[in-house]
A.B. asks: 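My questions will all concern the structure given below.
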Amino acid sequence: MSSEYPSFFTSEEMSLVQIYIPSETAHSTISELAELGVVQIKDLNPSVSSFQRPFTPRLRRLAEAARRLRLFEGQIKSLSPPLGIPPLSAIPPFPTVGPRAQNAYDELEERLKEHEKKLSDINRSFEELSKRRGELEEKSSVLKETAGFFNEAEHRHTEIRTSFDDGDGTQPLLEHAAEYGTLPGDSGLSGFDLEFVSGTIERTRMPTFERILWRILRGNLYMNYAEIEEPFVDATSGKETVKDVFIIFAHGAELLGKIRKVSESMGATLYTIDSSQDKRADALREVSTRLEDTDQVLNNINQTRRVELSKIAENLEAWKDAIRREEEVYKTMNLLSYDQGRKTLVAEAWCPTRDLTNIQLGLRRAMETAGTSVPAILSELRTHQTPPTYFQTNKVTEPFQAMMDAYGIPTYQEISAGTIAVVTFPFLYGLMFSDTFHGFLVLLTGAALIFYEKKLSQKKLDEMLGMLFFGRYNLLLMGIFSMYAGFMYNDFASKSVTIWQSGWEWPEDANGTVAAESTGKVYPFGLDPAWNGAVNSLQFTNSLKMKLAIVIGVLHMTFGICLQVPNHIRFKQRISIYVEFIPQILFLWSIFGYLIVLIIAKWATDWSKSATGPPGLLNLLIGIFLSPGTVDPATQMYPGQAFVQVTLLLIAVACVPVHLLGKPYFLYREHQRVVGQGYRGLTGQENGHPTSDVDEDEEDGVGQAVADEGHEEHPWDFADIMVHQVIHTIEFCLGCISNTASYLRLWALSLAHSQLSDVLWTMTIEKAFLFEGGIVVQSVFIFFMFAMWLALTVFILCCMEGLGSFLHAVRLHWVEFNSKFAMCTGIAFQPLSFAFEDDDADA
Amino acid sequence: MAFLHVVFVGLVIAAIAAAAWFLTPRGKNQVLIRSSVTLTLICCYLMWAITYLAQLHPLIAPRKSDLRHAEY
């Protein structure tokens, strides 16, 4: 049985259960289980296509309802002035469960259908009327604009008339024709029967239109056009088009016919207008009255539409939620195996063993809501299938577990670093982001997000803020550890803080470069402030940070290797402790562990009193490999050093074959023993683990059903094991060296961060402080430089550098730490739930 | 002997960690609190100890060229 409280280190113990659900309680049972959110229902009809499943017609109807709701939502959102949609919490809930639920859903469906019909009617008449209105508008502008042309023509007309009167006085001018003297090709001046075509066309098409007409009519036309200033708005699509009014005067029915055809093919709209001014004025008046009428009707329609939509908006969220829940329930019910004859549904599901009683209670509740007296029956199955991995998290561990899961879903019941990362992750981050001030800013961000936790968790946040909010405890801890590291490295936005007495004293007579003298005291907490601003400060801090990175790195990796042990014990591979864990630890520690010891020994030795000089540790380490057995006597640290080093080297070398061959050998021997006893691959236990507790399990499970389908068989393959072990060995041995080097990023990023903040300080505020030019100018200068410094500090040093440190800390956990113990072959637990992660309402 | 300071502080930290381990109230978060407190103490102690040790017998002394005595 599982323990009283969930372990944060390993995933929850899971049980496979079978639930028999009477069909009348099926709906409420499924929704109750989804409400609990701890059950992952298995698909029991994997061979049945989604079209053949029993509840697909129902789902299709729900999808139709969802489509209608999306349609309504789109129309409500496009209304102006906008119509508020009350949130889910502000409206009475929709009865999604209980005996009345089915009716309610049917009614809702009818209601949505009705609403849609009404709305589409309204929309259709609205569209028709707006189209009519557009036409009227165009006509009115054609009338208005052409009036100008006619006036102009009229004016010239009289002039021309006089000239005609001179030549051919008998022929009266045609009443309705307008003519223009400069029309090309009318040199004859005789028999002109000029008529015109007028209409509107899109402005972009105007030049083409003109050219085509010119070519077709061989220049036998006179064209005039004017731009309509206001764009025409299409009522349904909301698209704006700008149009031009044109009027073309030409001669002869044939030409006019051609013009009409061309205009129509170019998408122009033609309007017949009269050339007489009075008639045009009449027409304009009529058009404007009709426009007014149409406007009024349109207004009324709009009002009705608004009322209709506001009625829908009132309940929209509740309906949306209800439909989504119903869809989820029926989708789940499609996964169950359906027994038509016995009127029961059978579900198989994974759930945490801890929650079994909760689920039992839930089933009972579901029976009560359904109003029947037949409860769903739950029985536990015994199985060889690997359960899904499910971690119990709280709001602190959640982001860390998510980070570890992103590397790979841990194997069922494997140790996962999620809980350990709660401290180690911010610590490694802090080592790189080592600045008290910047750490404080990060801390404030995290604290603010936690302080407004309740408010923010109800709101829908955008992606960026949502991510920060998800990792708010992560931010807080990162801030705290950065501040601590900042105190240690004595970095406060590139300045140092002097809290205790410095261990160095500067000489009184300072001329040129002077060295400080030690007072014999050691600065008790962190780096001595005397180093800040010293010429050789980098020399000292680099040495410190580099060594710190190595020490922390090796200890971190050792911790990772140690986490193998509980895994080996849990997965009953005790032999791996001897042939994998111990060789790995010995290998790491005989090389890099020894280096750590030397680092500490070198620090602890007072070299001023020592007979030998301080050794270069890097050269010493290289010397162990290149010239084993020799130690430079000038820098020898202790007697017998050469012997110790050779021994350690031999241990490290010896570890390799043990690691390489140990496990395959023991597996082979185990297999031979099993075969020797006459067992053959019947039970699937032939991979060398005839574990004795199989019998115990059987004893426990008397009377329990066994679900054994999908059981995987592993044929015993020595080559496979060998190849795997070779890869594992090479990976580990090379990894030890490259991973240790990889931890040097703890030094590199910290160095980069402190240098960058130093440069920023010198470039901005220090410049302003040293500026000489009157108190006022300097004050203004300082003010601006301070603003710049703060802005750059926040954006470059906190955001960008912070992100950089974060990524490097993630990498150290994924590659350097997790690779030491994590197997990550698990399947994530995906419980049935009504908590909809992605809001697809906008889709 | 300054090295003993490091050892002494280490013992104090170990004592605090042990106290925290046993004083953590039973409950849902016991494991989390225990592991976090212990790891935090270890991490912070390590970092302090290393910076302290590094300054025990420094091989180089800080040098400055722009020393102004009024400030110190």
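Protein chains get the first letters and strands the later ones, always in sequence-line order, with residue 1 at the start of each.
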A.B. asks: Has A/Lys547 got a side-chain atom pairing as donor or acceptor with B/Ala54's backbone, closer than 3.5 angstrom?
C.D. replies: no

A.B. asks: So for A/Ile480, is it side chain, backbone, both, or neither that comes closer than 4.5 Å to the heavy atoms of chain B?
C.D. replies: neither

A.B. asks: Does the side chain of B/Cys44 reach to within under 4.5 Å of the side chain of A/Phe481, using non-hydrogen atoms?
C.D. replies: yes

A.B. asks: Decide yes or no for A/Ile600 and B/Phe3: does some side-chain heavy atom of the first lie under 4.5 Å from some side-chain heavy atom of the second?
C.D. replies: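 Counting from C-beta outward, A/Ile600 and B/Phe3 do come under 4.5 Å.
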
A.B. asks: Who among B/Leu59, B/Val9, B/Val6, B/Ile60 has the most heavy-atom pairs with chain A under 4.5 Å?
C.D. replies: B/Ile60

A.B. asks: Is there a side-chain contact between A/Tyr484 and B/Cys43 (heavy atoms, below 4.5 Å)?
C.D. replies: no

A.B. asks: Distance-only, no hydrogens or angles: does the A/Asn536 side chain make a donor-acceptor pair with backbone N or O of B/Ala61 under 3.5 Å?
C.D. replies: yes

A.B. asks: Indicate yes or no for a side-chain donor-acceptor contact from B/Gln55 to the backbone of A/Lys521 under 3.5 Å, with no hydrogens or angles considered.
C.D. replies: no

A.B. asks: Please output the residues of residues 27-42 of chain B in contact with chain A, using a heavy-atom cutoff of under 4.5 Å, in numerical order.
C.D. replies: B/Gly27, B/Lys28, B/Asn29, B/Val31, B/Leu32, B/Ser35, B/Ser36, B/Leu39, B/Thr40

A.B. asks: For the backbone of B/His57 and the side chain of A/Asp606, can you confirm whether one donor and one acceptor N or O come within less than 3.5 Å of each other?
C.D. replies: no

A.B. asks: Kindly indicate whether the side chain of B/Met47, heavy atoms from C-beta on, has any atom under 4.5 Å from the side chain of A/Tyr489.
C.D. replies: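 SC-SC contact between B/Met47 and A/Tyr489 confirmed.
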
A.B. asks: Using 0.5 Å steps for rounding, measure from the CG atom of A/Asp528 to the OH atom of B/Tyr52.
C.D. replies: 11.5 Å

